There are 2 protein chains.
Amino acid sequence: MNAGMQFPPNVLAAECPSRQVLKHLTSQWGVLVLLALQDGTQRFSALRRRVGGVSERMLAQTLQVLEGDGLVLRVAHQVVPPHVDYSLTPLGAEAAQRVADLTGWIEAKLPEILAAQGA
Amino acid sequence: MNAGMQFPPNVLAAECPSRQVLKHLTSQWGVLVLLALQDGTQRFSALRRRVGGVSERMLAQTLQVLEGDGLVLRVAHQVVPPHVDYSLTPLGAEAAQRVADLTGWIEAKLPEILAAQGA
DNA sequence: CGGTATACTTACTAAAATGTATGTTCTTCC
DNA sequence: GGAAGAACATACATTTTAGTAAGTATACCG
């Protein structure tokens with residue numbers, strides 16, 4: 001439907017829109033937020049505590065991007081002080097699974113990788 | 001062994017060394033190079049053509065980082081003009097598989113994601 | 001009453017990633 | 001002879017990403 005789009009999608013092609021999605025999913029904070037959300041619905045401040053080192057600004061931005069891709073669901077309860085719940089959409093859960101596979105592998109193989117770095 | 005290291009490794013912890021590896025693997029060009037190398041040994045210029053949009057500078061830098069993590073093997077034949085072969089190490093092949101799972105998923109679900117973006 | 005917590009936004013700054021252009025060294029092709 | 005190709009390194013400019021600080025409205029706790 002789109003002008004620059006090609007079939008099938010191919011991330012190795014510079015102009016393919018999948019490239020943008022890839023960037024979102026593999027962004028530093030995108031990966032970690034997806035991972036954190038695997039534990040279930042959480043609110044902003046809880047996520048911030050869970051994802052080590054993320055700033056409020058980056059967390060907010062990352063959540064907006066992921067929401068824009070349909071991976072994260074944002075539910076704001078109209079109360080004061082604010083209460084907002086974030087969770088994975090079904091699509092987001094699938095993505096989170098692949099991301100978790102990758103991070104899980106890294107954690108498991110870290111000793112080997114660290115050893116290779118030393119060499 | 002390392003000072004700041006913790007057990008078990010946890011990417012959600014800001015100080016964990018797995019964070020660095022994650023950044024290497026999920027870097028824009030890191031992902032695509034790993035993917036491209038799944039097709040087997042290739043030389044620099046071939047990789048450059050295969051990975052759409054990568055500059056010589058970025059490709060060289062990315063390959064060095066991946067080599068440093070023990071994921072990519074670099075073999076230089078001492079001839080002129082230069083001939084250098086790049087391939088995945090066994091460790092790199094495992095990583096590439098997870099990365100390919102993720103990118104494969106993105107390519108497959110791209111229509112859904114694009115639809116979500118429109119909404 | 002003063003401090004804390006909530007979920008952000010906005011403005012400004014700093015750091016990191018990336019691109020562009022150029023040089024290298026020699027060989028093959030027209 | 002001049003151009004192109006190989007696999008980079010290096011210097012410089014630009015873009016993207018990220019961090020810091022401050023502001024917002026209100027309610028609860030002591």
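All figures in this text were calculated on a predicted structure; none of them were measured in a lab. These values consider heavy atoms only, across backbone and side chains, with no hydrogens, waters or symmetry-generated copies. All chains are named by letter (A, B, ...) in the order of the sequence lines, taking the proteins before the strands, and each is independently numbered beginning at 1.
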Trainee: If hydrophobic clusters are built by linking Ile, Leu, Val, Met, Phe, Trp and Tyr wherever their side-chain heavy atoms come under 4.5 Å apart, do B:Met58 and A:Leu22 end up in the same one?
Mentor: yes
Trainee: State which of C:dC26, D:dC8, C:dA7 makes the closest approach to the side chain of B:Glu56.
Mentor: D:dC8
Trainee: Assuming nearest nucleotide by heavy-atom distance, tell me which of A:Arg74 and A:Lys23 is located more 5' along DNA chain C.
Mentor: A:Arg74
Trainee: Under 4.0 Å between a side-chain N or O of A:Gln64 and OP1 or OP2 of C:dC8?
Mentor: no
Trainee: Can you check the A:Leu59 CG to C:dT9 C1' distance for me, whole Å?
Mentor: 14 Å
Trainee: Which is true for A:Gln28 with a 4.0 Å heavy-atom rule: it touches a base, it touches only sugar-phosphate, or it touches nothing?
Mentor: sugar-phosphate
Trainee: Using the closest heavy atom to pick a nucleotide of DNA chain D for each, name whichever of A:Gly53 or A:Pro81 lands nearer the 5' end.
Mentor: A:Gly53
Trainee: Could you state the atom-to-atom distance from OH of A:Tyr86 to C1' of C:dT6 in whole Å?
Mentor: 12 Å
Trainee: Distance check needed: D:dG19 C1' versus A:Trp29 CH2, whole Å only.
Mentor: 10 Å
Trainee: Counting heavy atoms from C-beta on, name the nucleotide in D:dC8, D:dG19, D:dA7 closest to the side chain of A:Ser55.
Mentor: D:dG19
Trainee: Could you check whether B:Arg57 gets within reach of a base, just the sugar-phosphate, or nothing at all, counting any heavy atom under 4.0 Å?
Mentor: base
Trainee: Is B:Asp85 salt-bridged to B:Arg74, cutoff N-O under 4.0 Å?
Mentor: no
Trainee: Mapping A:Thr62 and B:Ser45 to their closest nucleotides on DNA chain D, which lands nearer the 5' end?
Mentor: B:Ser45
Trainee: Relative to the ring of B:His77, is the ring of B:His83 parallel (under 30°), tilted (30 to 60°) or perpendicular (over 60°)?
Mentor: perpendicular
Trainee: Provide, to the nearest angstrom, the distance between the NE2 atom belonging to B:His24 and the P atom belonging to C:dA16.
Mentor: 13 Å
Trainee: Find the distance B:His77:NE2 to C:dT27:C1' and express it as a whole number of Å.
Mentor: 18 Å
Trainee: Any side-chain N or O of B:Arg43 less than 4.0 Å from the OP1 or OP2 oxygen of D:dA7?
Mentor: yes
Trainee: Would you kindly confirm whether A:Val84 and A:Leu73 end up in one hydrophobic cluster when ILVMFWY residues are joined by side chain heavy atoms under 4.5 Å apart?
Mentor: no
Trainee: If I take atom CE in residue A:Met58 and atom C1' in nucleotide C:dA7, what distance separates them, rounded to the nearest angstrom?
Mentor: 16 Å
Trainee: Do the side chains of A:Leu59 and A:Val65 join up, straight or via other hydrophobic residues, at under 4.5 Å, putting them in one cluster?
Mentor: no
Trainee: Starting at CD of A:Gln42 and ending at P of C:dT6, how long is that distance when rounded to a whole Å?
Mentor: 14 Å
Trainee: Which nucleotide wins on minimum distance to the side chain of B:Phe44, given the candidates C:dT27, D:dC8, C:dG19?
Mentor: D:dC8
Trainee: Could you tell me the separation between the CD atom of B:Glu67 and the C1' atom of D:dA7, rounded to a whole number of Å?
Mentor: 14 Å
